[in-house]
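When a residue number appears, it is its place in the shown sequence, counting from 1. Every heavy atom of this structure was used, including side-chain atoms; hydrogens, water molecules and symmetry mates were not.
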Amino acid sequence: MIILVVVASYFFILMANAAALRAIDVNRLQFIDGAVLGLTYYISIPMLFILLSGRIGPDFLKIEDYLPYEDLSTTFVIFAASLVVCGVKIYLPVLMGHGRVASFSKSVPVGPTLEMPANVRRTNRRPKFRMGYVHWLFALNLAIYFASTIFVFIRAGVADGEHWYHATADLMSESPIYIVIKYFSNFTRTSVFGILGILTLRHPKDRFKLVAIGALVCVSDLLMTFNRITVIYLGVLLLIGSWNKIYHILCGFFVLLFGGVYIGSLWPEFRGQVSNYGYSLSGFANAAAKAIEVNSRSLPFVDAMNGLFESFSFAVLNWEVKHYHYVRVDFGAYFTRPLGVIIPRSIWPDRPESFALLLGRNFSKSELALNSYIIGEPFANSWLLWPSLVIIAMIANELVYRKLGQRDPAWGFIGAMIGFAWWRFDTSFLAVSLLISLIVFTAMQAFLGKGGTPIARAKARALGPAHRTPPYAPGNRATVGHGHRRGRQINAR
């Protein structure tokens, strides 16, 4: 009977997840859309295999297995979090006054809408998307990513054979400046894929080139940070470009499922062996051979898929739910902890530490960082009020990135990638991303201003005022249609 109830609840969650996915407008992605995609990837898909096998427990971590039909408290928390994320996506338009709510089959109007006829939108509204702005934004984020990542890679000594994790951790402990540089690296490797996402939609003919740029960033990040999350970002980029092509999505999913699981299972051993064999082509070859040898024994698929879905976090979350009182977190730290990553410890000596490190210290009495999705941190703050904390964090980030998106929709895509990555990190990542987003946004505003790019402003000054485009205003016949032939034809009629 319990198995039947759990399975039925899971299929209900899948229906809610499908409704939330259907409510996504891929041309105007927002923060919550990314959170829904993250829910699908990190929770809904691996949960199917966990239910089929009845367990999950990583062999590299001495932790009790998560048994979904016995650990009902953890199963309930996971399902509740899924409903919270889907519910916010489906019903937030009503709260924001957009007048529509997504059902399981279609979008149903619930009040008067402010949508204008298509022909009016084409002629009387200036499009919000500006390719000049998004190109400069992409160039800035890409430059910051490569500069910060290469600096940390060289300064930490990873190229000299140092272990990638310990070398980076030692560098971060030397000076707060290195922490700030690492923050910018983490943010821009996420934002770059968000900007590439909107460019693939606006320039479908250049999709191959844009995906190739994403692949270059992915390979660079794998070689310099050994972090595989950019591989998932690349998969999200491909998903955005193929959103309405269900056949391509299914083919890509099965390739990712079987090929990605095998390669992902080798990666942890491979990156650990690189420090033994050296950072060189021969060292990579020896590390790969050693990883294949170590992983020659066959694992159950539910355990092997950890390399692709980071699904060991199910067992970590299960341990936290069952040992709630061992994780000592002050109430309200969910909101004060993100401030701790911004304010130096010299100013705030007692600032809360990263929740991933706190959870690892309580679990293994070591500096092991453990991820428990977006669920574990608010649950540790309050086992009763944790859904409200998740809702507050989602809506707050959604509103900020929507506000930034009024300047250019690319910021919505950046917010979507941040929302997706939130499942892999903690709330501190959200705070850092918000702060850096505001810094980059302010820099872009100061650099471009209201007169377009510096090149456009210089050209306008050279041509003189007679050749400048008149300011846009509704009803201004000189600007209706933005000077295109279609606009002039409409005026002539």
- Query: Side-chain donor-acceptor pair under 3.5 Å between D221 and Y233, yes or no?
  - Reply: no
- Would you call V6 and F79 a side-chain contact if the rule is heavy atoms closer than 4.5 Å? yes
- Item | Close aromatic pair by centroid cut-off 6.0 Å: F309 and Y42 | no
- Go through the steps for D71 and R55 under the test salt bridge (Lys or Arg N to Asp or Glu O under 4.0 Å), then give the verdict. CA-CA 10 Å; D71 301 322; R55 56 159 294 277; over 6 Å; no
- Do F379 and Y324 have ring centroids that are under 6.0 Å from one another? yes
- Query: Does any non-hydrogen side-chain atom of V390 lie less than 4.5 Å from one of I374?
  - Reply: yes
- Message: Any non-hydrogen side-chain atom of W243 less than 4.5 Å from a side-chain atom of L201?
- Response: no
- Note on the structure: In short, F314 meets M47 closest at the heavy-atom pair CE2-SD, 3.8 Å
- Flag side-chain contact, heavy atom, 4.5 Å: L438 against L404: yes
- Message: Could you check whether F31 and F420 have their ring centres less than 6.0 Å apart?
- Response: no
- Going from CZ on R271 to CG on N227, what distance comes out if it is rounded to the nearest 0.5 angstrom? 6.5 Å
- Test side chain to side chain donor-acceptor pair (under 3.5 Å) applied to S185 and T225, T149, T190, the passing residue: T149
- Message: If we check side-chain contact (heavy atoms from CB on, under 4.5 Å) with F138, which of these qualifies: V192, L210, I198?
- Response: V192
- Task: Return yes if a side-chain donor-acceptor contact under 3.5 Å exists between S437 and Y401, otherwise no.
- Result: yes
- Message: Would you say S382 and Y334 are linked by a side-chain donor-acceptor pair, where the criterion is simply a distance under 3.5 Å?
- Response: no
- Item | Side chain to side chain, L137 and W411, heavy atoms closer than 4.5 Å | yes
- Query: Minimum heavy-atom separation for L234 to V211, with atom names?
  - Reply: CD1-O, 4.1 Å
- Please indicate whether I2 has more than 12 foreign heavy atoms, meaning atoms of other residues, nucleotides or ligands, lying under 6.0 Å from its CD1. no
If you look only at distance, which donor and acceptor atoms sit under 3.5 Å apart when one is on a side chain in residues 256-265 and the other is two or more places apart or in another chain?
| residue | atom | partner | partner atom | Å |
| --- | --- | --- | --- | --- |
| S265 | OG | V261 | O | 3.3 |
| S265 | OG | Y262 | O | 2.5 |

- Query: Is V302 close to M305 at the side-chain level, that is, under 4.5 Å between some pair of heavy atoms?
  - Reply: yes
- Query: Under 6.0 Å between ring centres, would you say that holds for W422 and F429?
  - Reply: no
- Can a donor-acceptor pair be found between the side chains of R155 and Y178 at a distance below 3.5 Å? yes
- Query: Ring centres of Y279 and F284 under 6.0 Å apart?
  - Reply: yes
- Examine the side chains of S313 and S372 and answer whether a donor and an acceptor come within less than 3.5 Å of each other. no
- Please lay out, stage by stage, how E269 and K290 fare under the test salt bridge (Lys or Arg N to Asp or Glu O under 4.0 Å). CA-CA 8 Å; E269 185 67 28; K290 184 65 175 180; over 6 Å; no
- Distance-minimising heavy-atom pair for S148 and T188: OG-OG1, 4.4 Å
- Query: With a 4.5 Å heavy-atom cut-off, do F76 and L72 have their side chains touching?
  - Reply: no
- Query: Looking at CG of N286 and OH of Y277, how far apart are the two atoms once the value is rounded to the nearest 0.5 Å?
  - Reply: 6.0 Å
- Contact summary for S44 and L14, nearest pair of heavy atoms: CB-CD2, 4.1 Å
- Message: Can a side-chain donor-acceptor contact be found between D33 and Q30 if the only test is distance below 3.5 angstrom?
- Response: no
